[in-house]
Structures are given as structure tokens and as C-alpha cells.
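To start, the structure itself, in C-alpha cells.
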Amino acid sequence: MLEIYNTLTHKKEEFKPIEAKKVRMYVCGMTVYDYCHIGHARVMIAFDVIYRYLLHKGFHVTYARNITDIDDKIIQRAIENNEDFHDLTQRFIDAMHADEESLGLLRPSMEPRATDNIPAILKMIQTLIDKEYAYQGENGDVYYDVSKFKGYGKLSRRKLEDLRQGAGDRIAIDTAKHDPLDFVLWKPAKEGEPSWDSPWGAGRPGWHIECSAMSTELFGATFDIHGGGKDLQFPHHENEIAQSEACTGQHFANYWIHNGFIRVDNEKMSKSLNNFFTIREVLKKYRGEEIRYFMLTSQYRSPLNYSEEQLKSASKALARLYVALRGLPEAEAIEKTNYAFRFHSAMHDDFNTPEALAALFDLSRKTNKIHQQQDKEAAASHGALLKQLGAILGILQHDPEQWLQGNASEEGLSADVIEALIQKRLDAKANKNWMEADKIRDDLSQQGISLEDKGTETIWRRD
RNA sequence: GGCUGAGUGGCAGAGGGGUCAUGCAGCGGUUUGCAAAACCGUCUACCUCGGUUCGACUCCGGGCUCAGCCUCCA
């Protein structure tokens, strides 16, 4: 039984899709005005693993992750760069896709963009106005009237009074709004800003409406899973619920999944704190799979501290799994083991990847042991299971030898040079010239190459 | 101030009322010409004060500390 922690109910609940064997999952993606940072990588990877696991369970999953390609920051950045906002967003969408590929992500089934869905957005705003959940202020902005929606605050567990109190000292009172908590659905364009025609004047959509409109358009009024970062819980997801449920009169998403943050020095990594590392920056020193492994070492809802030390540790731990796979022939995975059982039990428990990884390490130890006992066939079938389970997490799919002989920077001695030195050392060893042999090994070690003697051959890897 | 969530060994990070997490690092051993890798063994734990219990790090309550949201944010 697959259990998922549902933010809406604050409980782990058995996952029951609306339609048997079908899952519709919508995740809030990126606003594309800059490179993605490691915090974004967390969402990408968290939901990639959820997606993979659901697929593995035999669900037909439609996974939509939107792209916000119009908003204030995009407009501002485009002005700063003196470029068309389309060019700007396309550049960062391409960069995002490249980053995703490095991290080994499966592409979502669809990536709806706000600017491609203006008609659906206009339709929803119109319905909200018709149903009197929205109004146009004197400044031309169209607002959602929060007081009209009964369930406002149900996701983030907030009361309107508390919110108003908090809003009082923080938000400059906007006289065009009936209530400081009302939020923008449509914003008139200023001179020279990108805009679309609408019954309320040329303008652009507010941030929250695009997700409501696109998810409802793609999936219907009610769908299975809605996800995103923890910080989107309020106000973004709260507002989505208000918009969608007011519009359709039906329950919106059944399961709300929110991932925890990446932290730096015990603080949330974010643009405004300027304490972020971009994915591509980190990829210069660590491979995508190492970053992915690092993310998997904590449960997706927990905060995760980013540090060089932890990435190094992750890199070594991952290498350990690859070492277990090394030198094993292709084989059918062994079935009905405690390892697989434990792995799946962990994943069934709200995608507990650290526990699932623990099972993989125990399995790798077993594999090594059998391998050492010269039972290559049994070792191979255990290794095949390791690889199979790894695939569910998106790891261990590289050729082990190639993985261990590579690194992120692809710098250092070439394989040819290394092989030649190894041969030279083997000759020295054959002549029992230990001084010479050890010198070659030490020199290579200085350059980050480790040698391992296996019987008559010597294999190598980069540290 | 309101609302969430968290405090585990040197570091990271699971877990469950009473026997092992796991990884990295350390230490001892097997193996090796010596190493490395692997395997075996091993040392460091459960913020604090009460309560429930035969027994709590695990459940309940108070306190302390930290993080997040309440403003754009994955």
C-alpha cells in the first residue's frame, strides 16, 4: 500500500487515484528568468523520483510541470538585458532542460506555458467574475475576492483574521483592493510591456491563475496530485484552490505534496538571500548523478543542508554501489529478496529514499560477498537487482567501469596514459621490482588515480 | 505576534515502546609482495524537565533552541 503525506490533511494517506491505474500529477515548475539553482534541483529530483515510482507501480502517469514564462521579474530582466522577453525565457527554458538532462530527469509528459494558455486563463477569470468571486478595481487590476471563498486557508491552516493582521503591517494598503488579502488575476500592461487583449484591457495574468487554469484545462476540475516546493503552500497553492474550486464548484487536487528546502548554513537557499548555487555551477565539480544521490539521502519533505562535504560523501557512497556492480555479467535480477521488499516498503512509506538506499547498500554488501566467494552467477543476479532498484531512483544505470573511471571535470591523465603506466607497473611487478611498481602507483595516486590489483590484472578509477 | 515542522553518534540521515539503520570518516582484523577495493569486527547517539508504562530516544505535557510560511521564492 502506497502512502503519501498529504499537506491538505497533514497525514499520510493511502494513495487512491481517481481512475484505476491512472495518475494525473501537476507540479509547479520554474519561473524562467535565470538559471536554476540547487533548490530547484530538489523539486525536479523529488518529483522525478515520485514520477518514476508511480510508473514503476504500473500507473499510467500524466505528469505536467508548468513553466511560468511571463511575470514581473521576467519583464524587468528583459528590460535590463534590452531583449525581447520571449528570447529571454526561451534561453532559460533551454538551459533548464540541459540541467535536467544532466541530473538524469525524465521529461514531464507536458510542460504547459502560461503564454500558450491565455485563452484558458481568460475563460477562468471571466467565470470567476460571473460568479462574483472576482472584481475589477479602480486601477484596472482584476482581483480575486478572498472573503467570498469559504475554504480560504484550508491548505495552509490559516484564518483570514490572522492573515489580515499579518498583512496589515507588511503590505502597503492598496486602495483598489476590497481586502488586503485579495490577489491579482489580471494586471493591465504599462506602456511597452508585453500584453494580451482581454475584456478588462490589455494586460497579463497574475501568477496564481495560470496554474489553476492550466491544470483544470489539462486534467479537469479534480485530479490526483498537485506538488511543488514548501514555500508555494501559501499563498500560491492556497490561491489556486480558491480560484479553481470557486470556478468549477468541485474539489481541486486530492493529494498535495510539498518538498522541503535546500539550506545553506542552516538558512533557506533563495534568490533574495543570494546564497544559492546554480545547478551548472555545481555540475562543474560533481556529476548529475552525484547531485541526485545527495538529494536522495534525505526524505523529500525534510530540509537538506547543502555542503561540499556532503557532496563528497555522496560521491563516495555512490561509487561504493557502482563498485559492487563492477565486473558482473548481465543477468536476470534475483526475485523475492528481503532487499527488494525493504526497498519497496520504504518507497511505499511516503517515498522514504534514505531507507530505500539503506536497502541498496545492504544488497551491495551481499553482492560483494557472493562475488568474493566466486559465485559469479549469483552475484550477477544480485547485481541485476541492485541496478533494477537503482533505476527506480534514477541511479546506477551507467556502465560501472566507465562511471568509476570518469569524473565531473573530465580533467587529468587520459585513459591511454593510465593504461600504459599500468602495463609498465605490471612488468615491474612481474620482475618483482616493487620499488618501481610502487612509485608508479604513488605517482598515479597523486593525480587522483587509484589502482586495484585483481589477480593478474589491474583496474583503475578516479577518486 | 499567528501558523507549520524539526532537535539522533565526528559529519549526514532513517527508524521504531524492550535485539542491526545506512553512508562518509576513525579504529582493529582477513586479504595483498606492499597497497587499494571488498569482507569481518568495533568506538562515539537520541535537546531539557516532568508524566504514562514493567520498560521511552520512541507516546503525552511544559520548557529551550533552530528552520520555514505569513512579501517574490522550488
Side-chain angles (χ1 to χ4, degrees), chain A residues 7 10 27-31 36-47 65 71-73 153 156-159 161-167 169-172 181 207 227-236 238 258-263 266-273 276 293-294 296-299 301-305 307 309-321 323-324 326 342 346 349 352-362 364-369 371-373 404 429 432-435 437-438 441-442 445 450-455 458-461 463:
Chain A
T7 313
H10 285 226
V27 173
C28 290
M30 263 51 78
T31 301
C36 292
H37 58 63
I38 285 294
H40 297 122
R42 180 113 196 248
V43 205
M44 291 172 172
I45 291 167
F47 286 96
R65 192 188 55 204
D71 92 321
D72 290 358
K73 273 176 292 201
S156 52
R157 312 231 151 169
R158 279 157 220 242
K159 298 191 193 92
E161 310 89 80
D162 295 343
L163 285 168
R164 286 197 187 104
Q165 211 162 23
D169 20 291
R170 287 165 181 273
I171 304 169
L181 297 179
W207 175 37
K230 223 183 177 94
D231 48 357
L232 298 185
Q233 229 172 94
F234 188 90
H236 185 55
E238 198 69 60
H258 292 100
N259 67 276
F261 300 125
I262 297 288
R263 294 183 189 167
N266 225 26
E267 256 189 331
K268 177 185 173 184
M269 179 184 286
S270 75
K271 288 273 166 81
S272 43
L273 290 168
F276 63 92
Y293 176 91
F294 165 65
L296 298 177
T297 59
S298 88
Q299 208 270 350
R301 282 186 288 126
S302 308
L304 176 60
N305 219 57
S307 80
E309 192 192 351
Q310 290 315 313
L311 272 166
K312 278 196 187 113
S313 164
S315 164
K316 286 189 174 174
L318 184 58
R320 180 177 169 77
L321 295 175
V323 165
R326 191 163 56 171
R342 200 172 142 211
D349 181 16
N352 189 340
T353 51
E355 178 66 24
L357 286 175
L360 296 192
F361 282 103
D362 286 343
S364 74
R365 182 176 303 112
K366 177 78 171 175
T367 307
N368 285 331
K369 222 186 286 192
H371 201 170
Q372 226 159 42
Q373 287 159 2
L404 293 166
K429 275 180 62 168
K432 297 204 190 296
N433 186 351
W434 309 125
M435 291 268 283
D438 289 355
R441 188 175 62 200
D442 292 346
S445 171
S450 306
L451 301 188
E452 296 172 28
D453 291 334
K454 295 249 169 174
T458 295
I459 55 178
W460 63 276
R461 53 189 276 206
D463 299 331

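The sequence lines fix the lettering, A, B, ..., with proteins before strands; numbering per chain opens at 1.
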Pick the [atom1] atom in [N] and in [M], then give their distance to the nearest Å.
N: G61(B); M: U52(B); atom1: P; result: 15 Å
N: U8(B); M: A67(B); atom1: P; result: 14 Å
N: C11(B); M: G7(B); atom1: C1'; result: 16 Å
N: C59(B); M: G15(B); atom1: P; result: 12 Å
N: C70(B); M: C49(B); atom1: C1'; result: 32 Å
N: G26(B); M: A36(B); atom1: P; result: 11 Å
N: C57(B); M: G16(B); atom1: C1'; result: 10 Å

Exercise for review: Using the six-membered ring wherever Trp is involved, compare the ring planes of F276(A) and H37(A) and label them parallel, tilted or perpendicular (cut-offs 30° and 60°).
Suggested key: tilted
Check your understanding: In B/S/- notation, 5' to 3', how is nucleotides 9-21 of chain B contacted by protein heavy atoms closer than 4.0 Å?
Key -> --SSSSS-----B
Point to revise | Per-nucleotide protein contact string for nucleotides 38-44 of chain B, where B marks a base within reach and S marks sugar-phosphate only (heavy atoms under 4.0 Å, - for neither) | key: BSS----
To the nearest Å, give me how far apart [atom1] ([X]) and [atom2] ([N]) are.
X: R42(A); N: G68(B); atom1: CZ; atom2: C1'; result: 13 Å
X: L163(A); N: C70(B); atom1: CG; atom2: P; result: 10 Å
X: R164(A); N: C69(B); atom1: CZ; atom2: P; result: 23 Å
X: D231(A); N: C70(B); atom1: CG; atom2: P; result: 8 Å
X: L318(A); N: U22(B); atom1: CG; atom2: C1'; result: 15 Å
X: K268(A); N: A6(B); atom1: NZ; atom2: P; result: 18 Å
X: H236(A); N: U71(B); atom1: NE2; atom2: P; result: 16 Å
X: R263(A); N: G68(B); atom1: CZ; atom2: C1'; result: 8 Å

Please work out if [X] contacts a base, only the sugar-phosphate, or nothing of the nucleic acid, heavy-atom cut-off 4.0 Å.
X: M44(A); value: nothing
X: N266(A); value: sugar-phosphate
X: I459(A); value: nothing
X: S156(A); value: sugar-phosphate
X: G39(A); value: base
X: G260(A); value: base
X: R157(A); value: sugar-phosphate
X: K432(A); value: nothing
X: L451(A); value: base

State, yes or no, whether a side-chain contact exists between [X] and [Y] at a heavy-atom distance under 4.5 Å.
X: D231(A); Y: K268(A); value: yes
X: I38(A); Y: M269(A); value: yes
X: L181(A); Y: R164(A); value: yes
X: W207(A); Y: D72(A); value: no
X: L318(A); Y: F294(A); value: no
X: T297(A); Y: P354(A); value: no

Can you tell me the Watson-Crick or wobble partner of [N], both distances under 3.5 angstrom?
N: U52(B); value: none
N: A25(B); value: none
N: U65(B); value: A6(B)
N: U71(B); value: none
N: C57(B); value: none
N: A35(B); value: none
N: C46(B); value: none

Practice item. May I ask you to decide whether E355(A) forms a salt bridge with R342(A), counting only side-chain N to carboxylate O separations under 4.0 Å? Key: yes
Exercise for review: State plainly whether the residues R326(A) and E452(A) are in salt-bridge range, i.e. N to O under 4.0 Å.
Suggested key: yes
Check your understanding: Cation-pi between R320(A) and F361(A): NZ/CZ under 6.0 Å from ring centre and within 45° of the ring axis?
Key -> no
Point to revise | K230(A) to F261(A), cation-pi by 6.0 Å centre distance and 45° axis angle | key: no
Practice item. Tell me which of A437(A) and S272(A) sits closer to the 5' end of RNA chain B, going by the nucleotide each one is nearest to. Key: A437(A)
Review point. So which one's nearest nucleotide on RNA chain B is more toward 5', A359(A) or D453(A)?
Key: A359(A)
Return the polar atom pairs (N/O with N/O) between nucleotides 25-30 of chain B and the protein under 3.5 Å, or none.
residue, atom, partner, partner atom, Å
A25(B), OP1, K316(A), NZ, 3.3

Revision key, fill the gap. Among the nucleotides C34(B), A74(B), C69(B), whichever has the atom closest to the side chain of R441(A) is C34(B)
Check your understanding: Considering only side-chain heavy atoms of H10(A), which listed nucleotide, U4(B), A67(B), G68(B), is closest?
Key -> U4(B)
Please tell me whether [X] and [Y] have a donor and an acceptor in their side chains that are separated by less than 3.5 angstrom.
X: E238(A); Y: S156(A); answer: yes
X: S450(A); Y: D463(A); answer: yes
X: S298(A); Y: R42(A); answer: yes

Review point. Would R365(A) and N368(A) satisfy side-chain hydrogen bond (donor to acceptor under 3.5 Å, both in side chains), going step by step from the backbone distance to the final call?
Key: CA-CA 5 Å; R365(A) 182 176 303 112; N368(A) 285 331; over 6 Å; no
Point to revise | Ring-on-base stacking G33(B) with W434(A) (under 5.5 Å, under 30°) | key: yes
Check your understanding: For C70(B), does either OP1 or OP2 sit under 4.0 Å from a side-chain N or O belonging to K159(A)?
Key -> no
